[in-house]
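Scope of the values below: all heavy atoms of this structure, side chains included, with no hydrogens, waters or symmetry mates. The sequence lines fix the lettering, A, B, ..., with proteins before strands; numbering per chain opens at 1.
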2 protein chains.
Amino acid sequence: MNGNQESVDHKFQRRALQVSEAQARITEVANVLEFEDVPLNQSCGRYLAERVIAPHPFPAFNRSGMDGFALQAADIKNCGNGNRVWLEIVDNIPCGAVSTVEITTGTAARIMTGAQVPEGADTVVMLEVTETRVTAGITYVGISKKQDAKRNITPRGQELSQGDLVLPAGGMISAGEIAVLAAFGMDMVKVHRRPKVGIFATGTELLEVHEPLQPGKIRNSNSPMLEALVRETGGEPIMLGAIVDDLELARGKLKLAMENYDFVITTGGVSVGDYDIMGDLVREQSGDMLFNKVTMRPGSVTTAAVREGKLLLALSGNPGACFVGFQLFARPVIGLMQGAAQPFLPEWTATLGADYPKVNNYTRFVRARLEIREGSLYAFPATLDESSVMVTIKDSDCLIIVPPEERGLTAGAKVTVLKLPGEIRG
Amino acid sequence: MNGNQESVDHKFQRRALQVSEAQARITEVANVLEFEDVPLNQSCGRYLAERVIAPHPFPAFNRSGMDGFALQAADIKNCGNGNRVWLEIVDNIPCGAVSTVEITTGTAARIMTGAQVPEGADTVVMLEVTETRVTAGITYVGISKKQDAKRNITPRGQELSQGDLVLPAGGMISAGEIAVLAAFGMDMVKVHRRPKVGIFATGTELLEVHEPLQPGKIRNSNSPMLEALVRETGGEPIMLGAIVDDLELARGKLKLAMENYDFVITTGGVSVGDYDIMGDLVREQSGDMLFNKVTMRPGSVTTAAVREGKLLLALSGNPGACFVGFQLFARPVIGLMQGAAQPFLPEWTATLGADYPKVNNYTRFVRARLEIREGSLYAFPATLDESSVMVTIKDSDCLIIVPPEERGLTAGAKVTVLKLPGEIRG
């Protein structure tokens with residue numbers, strides 16, 4: 001199957017693809033971008049371009065887990081029941097120091113939590129259960145309880161051996177990864193650069209956010225939403241404004257955007273009306289179209305094309321459809337460009353929390369809110385989930401997938417949900 | 001109960017507080033910071049300082065949901081069964097335009113998706129089921145099927161009426177909120193400023209991340225981790241480095257930090273050893289101590305103080321304890337300073353996925369990984385969860401709360417978990 005076959009000359013007769021097929025087509029041409037090295041403290045939210053192998057064991061030395069005394073367990077094996085042993089204190093080992101004194105039978109070293117256990121010692125007795133005395137100028141520690149070897153000592157390599165896989169390639173870096181990378185001395189991190197994503201809107205009805213409302217017009221809310229979504233996904237949004245419905249203007253804008261950025265996302269102009277210029281633009285160069293109809297609601301008119309290796313995703317101007325289209329198609333593209341190992345939304349099973357009576361001929365992606373109740377996951381569909389509806393986007397943390405064969409769903413049904421990024425709000 | 005009573009002069013005899021009491025003490029003195037106005041496109045991740053009320057209905061006009069023809073439903077009520085009606089096309093309404101022609105019986109207007117429905121029309125018939133003809137220079141649209149009033153028209157105010165509460169104060173702003181704020185023309189957003197959080201570490205054993213490993217020493221991984229956590233929580237981290245275990249040095253550093261920043265977080269020096277300088281510093285000014293022992297593992301030595309209204313949180317130097325202490329105490333403080341309505345970690349019930357045999361005298365916060373299986377939430381405890389362990393932080397998306405009375409837990413038990421920020425990894 002190639003792109004030409006799906007391109008037909010009549011606007012109403014687009015060949016519809018399944019969502020999974022459309023996703024496969026667009027992600028297939030999403031290429032991972034070049035490497036770059038970023039400082040560790042700027043690497044949060046990026047994806048590791050290479051796996052990380054432990055360059056040394058961690059911890060790198062036998063470490064005391066207590067403030068106390070390092071000694072030989074054999075020396076105190078008869079302690080207890082009033083039987084106390086006194087050991088000569090031969091060293092005092094703070095953190096960061098290395099003792100030059102070997103612990104032999106009858107001796108002990110004062111040691112701090114986190115310090116390297118001296119040679120010869122095989123156990124650390126906590127400070128709180130010891131006492132000290134000075135006899136003839138020599139200080140002794142008294143121990144009244146026996147204790148096994150290895151107690152309160154974290155052995156070299158307990159967490160990781162040299163050569164262990166620490167972090168796989170393609171994983172996102174957050175605070176826990178930062179700690180590991182820091183511990184292994186990696187103050188620069190190799191990642192793939194962020195894609196530059198050009199964003200513009202089409203529609204003569206669009207006002208800038210700061211403009212006063214005018215009759216028949218609406219403020220352009222999709223562009224700022226897409227900007228936030230691109231940034232959240234790790235891309236670098238470049239805002240190219242909104243243009244009126246003019247084919248020439250749009251053609252120029254699109255050409256410029258495709259030349260200068262890694263990925264172009266537009267909103268508006270993909271429907272079947274007289275002013276649906278993005279649809280026209282893609283149709284006129286049919287060879288590079290990936291799809292222009294998807295069997296989904298909202299956003300069936302979502303359109304994608306590739307031109308000289310650059311991707312265009314033309315989303316609906318309806319806010320709900322624009323949002324869903326971004327999550328299904330733009331998010332994996334932006335993730336893959338950064339080398340993300342798992343660029344798609346996680347798919348979970350949940351229990352439907354309320355009836356969803358609507359019947360569809362296409363698969364529906366219903367905005368919904370998740371809740372964890374007594375260890376079970378519930379999804380509550382938004383009361384307003386039409387393509388044109390904007391206000392419920394903010395209340396949604398998942399999309400319920402309602403297949404076309406469903407004849408309405410009742411509360412309690414098992415449903416598949418796509419988890420949206422961010423915290424569960426319920 | 002006041003702070004003085006808990007402060008005792010012997011290091012070993014700290015008075016331990018329950019986690020909830022310690023949280024109450026530290027959050028009680030966390031004050032919300034001043035207002036500032038930020039541009040909408042910089043507001044993601046911030047918390048709304050004021051609720052948002054709809055300044056106008058949304059949508060602001062009756063909007064066509066289809067490309068087609070706006071007309072009066074009464075004119076086509078007899079259509080169907082071969083009965084077709086022809087209406088004169090009196091206008092063509094693109095998006096953003098306002099028709100000056102009122103639709104009367106026998107007339108229709110061509111209209112685009114998203115355009116304002118003209119006066120007099122009460123339904124929109126989709127383009128795909130119409131035909132047109134020209135007779136004597138006049139263009140007519142033919143309709144062969146009846147359709148009720150209100151079809152394909154989104155009424156003014158469908159999503160929000162003027163005066164409706166759109167967004168509550170204290171909610172976090174993400175892409176969906178951005179869309180709403182944009183739609184209502186709010187290109188500047190009132191938020192509370194981000195707290196400046198001074199971070200330093202104490203410990204003679206600490207190397208900088210870029211330094212080669214030395215015997216007995218470790219790289220400072222807690223500071224970069226805390227930096228990432230503070231940023232993730234919306235704070236502005238100021239990195240003050242690491243100092244050796246020297247009381248005078250620490251006193252000076254702390255004084256400077258408390259004077260210059262909104263909140264100071266330290267790591268290390270709070271245990272009972274000879275070099276536990278942060279503990280000493282807080283004890284020497286006992287009047288402002290909030291707590292210096294909490295009945296929790298890891299991190300029982302977590303210490304907090306307030307001085308001239310500024311908060312100090314002294315976390316353990318053990319990575320696991322440092323991480324848990326941040327999540328329980330620093331996160332709500334940083335959230336509250338920004339006016340977050342829900343600054344604490346969400347608490348969920350989950351099913352334990354594997355045995356957890358350890359027995360504790362204190363409540364344990366066990367690092368764990370969540371998984372959704374068939375609509376149920378499972379928590380798998382990390383195999384290494386000691387205070388000193390760093391490597392499992394990255395694999396954890398929740399903390400299982402194991403109360404002290406538990407005598408070990410078996411797989412299948414119901415447990416309470418605190419959800420950590422970020423995506424569920426399972």
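- Interface remark: B/Glu159 contributes backbone and side-chain atoms alike to the contact with chain A (heavy atom separation under 4.5 Å).
- Contact tally against chain B (heavy-atom pairs below 4.5 Å) for A/Ala350, A/Ala228, A/Ala60, A/Gly216: the top residue is A/Gly216.
- The most heavy-atom pairs under 4.5 Å with chain A, out of B/Gly114, B/Pro215, B/Cys44, come from B/Pro215.
- If you take CD on A/Gln158 and OG on B/Ser388, they are separated by 6.0 Å, rounding to the nearest 0.5 Å.
- B/Thr204 touches chain A through backbone and side chain together, each having a heavy atom under 4.5 Å away.
- For B/Pro319, no part sits under 4.5 Å from any heavy atom of chain A, backbone or side chain.
- Contacts between B/Leu167 and chain A at a heavy-atom distance below 4.5 Å involve the side chain alone, from C-beta outward.
- Per-residue heavy-atom pair counts under 4.5 Å with chain B were compared for A/Met225, A/Met239, A/Arg231, and the maximum is reached by A/Met225.
- Between A/Gly96 and B/Lys217, the shortest heavy-atom distance links the atoms O-CE, 3.3 Å.
- When every heavy atom of A/His56 is checked against every heavy atom of B/Arg219, the shortest pair comes out as NE2-NH1, 3.4 Å.
- Heavy-atom distances place the side chain of B/Val98, and not its backbone, under 4.5 Å from chain A.
- Residue A/Gln342 places its CD atom among 12 or fewer non-hydrogen atoms of other residues, nucleotides or ligands, all under 6.0 Å distant.
- In terms of non-hydrogen atom pairs under 4.5 Å with chain B, the most contact-rich of A/Asn41, A/Leu229, A/Leu384 is A/Asn41.
- Atom OG of A/Ser376 and atom CH2 of B/Trp348 lie 12.5 Å apart (nearest 0.5 Å).
- The backbone N or O of A/Ala175 sits nowhere less than 3.5 Å from a side-chain atom of B/Glu232 that would complete a donor-acceptor pair.
- Contacts between B/Met66 and chain A at a heavy-atom distance below 4.5 Å are absent for every atom of the residue.
- Put simply, the side chain of B/Glu205 never gets that close to the backbone of A/Cys95: no donor and acceptor are under 3.5 Å apart.
- Scanning both residues, B/Pro224 and A/Ala182, for their nearest heavy atoms gives CG-CB, 3.8 Å.
- With chain B as the partner, the residue from A/Glu177, A/Gln116, A/His210 showing the most heavy-atom pairs under 4.5 Å is A/Glu177.
- Taking CG from B/Leu377 and CG from A/Leu377, the interatomic distance works out to 8.0 Å, rounded to the nearest 0.5 Å.
- Looking only at heavy-atom pairs under 4.5 Å with chain A, the residue among B/Val417, B/Ile393, B/Val389 that has the most is B/Val389.
- Residue A/Met172 does not touch chain B at all, counting heavy-atom pairs closer than 4.5 Å.
- Options A/Gly45, A/Gly68, A/Pro94 differ in how many heavy-atom pairs under 4.5 Å they form with chain B, and the most are formed by A/Pro94.
- Summarising the geometry, atom CD belonging to A/Glu374 is positioned 10.0 Å from atom OG1 belonging to B/Thr351; distances are rounded to the nearest 0.5 Å.
- Closest approach of B/Val391 and A/Leu160 over heavy atoms only: CG2-CD1, 3.6 Å.
- Highest contact tally toward chain B, considering only A/Thr383, A/Thr349, A/Val180, is held by A/Thr349 [criterion: heavy-atom pairs under 4.5 Å].
- Using a cut-off of 4.0 Å between Lys/Arg side-chain N and Asp/Glu carboxylate O, A/Glu423 and B/Lys419 are scored as salt-bridged.
- Neither the backbone nor the side chain of B/Phe323 comes within contact range of chain A, judged by heavy atoms closer than 4.5 Å.
- For B/Ala179, the parts lying near chain A are the backbone and the side chain together; criterion is any non-hydrogen pair under 4.5 Å.
- When heavy atoms are compared at a cutoff of 4.5 Å, B/Pro421 approaches chain A by way of both its backbone and its side chain.
- Atom CD1 of A/Ile178 and atom OG of B/Ser223 lie 12.5 Å apart (nearest 0.5 Å).
- For B/Asp395, no part lies under 4.5 angstrom from a heavy atom of chain A.
- More than 12 heavy-atom neighbours from other residues, nucleotides or ligands sit within 6.0 angstrom of CD on B/Gln214.
- Note: A/Arg63 CZ to B/Ile218 CD1 = 7.0 Å, rounded to the nearest 0.5 Å.
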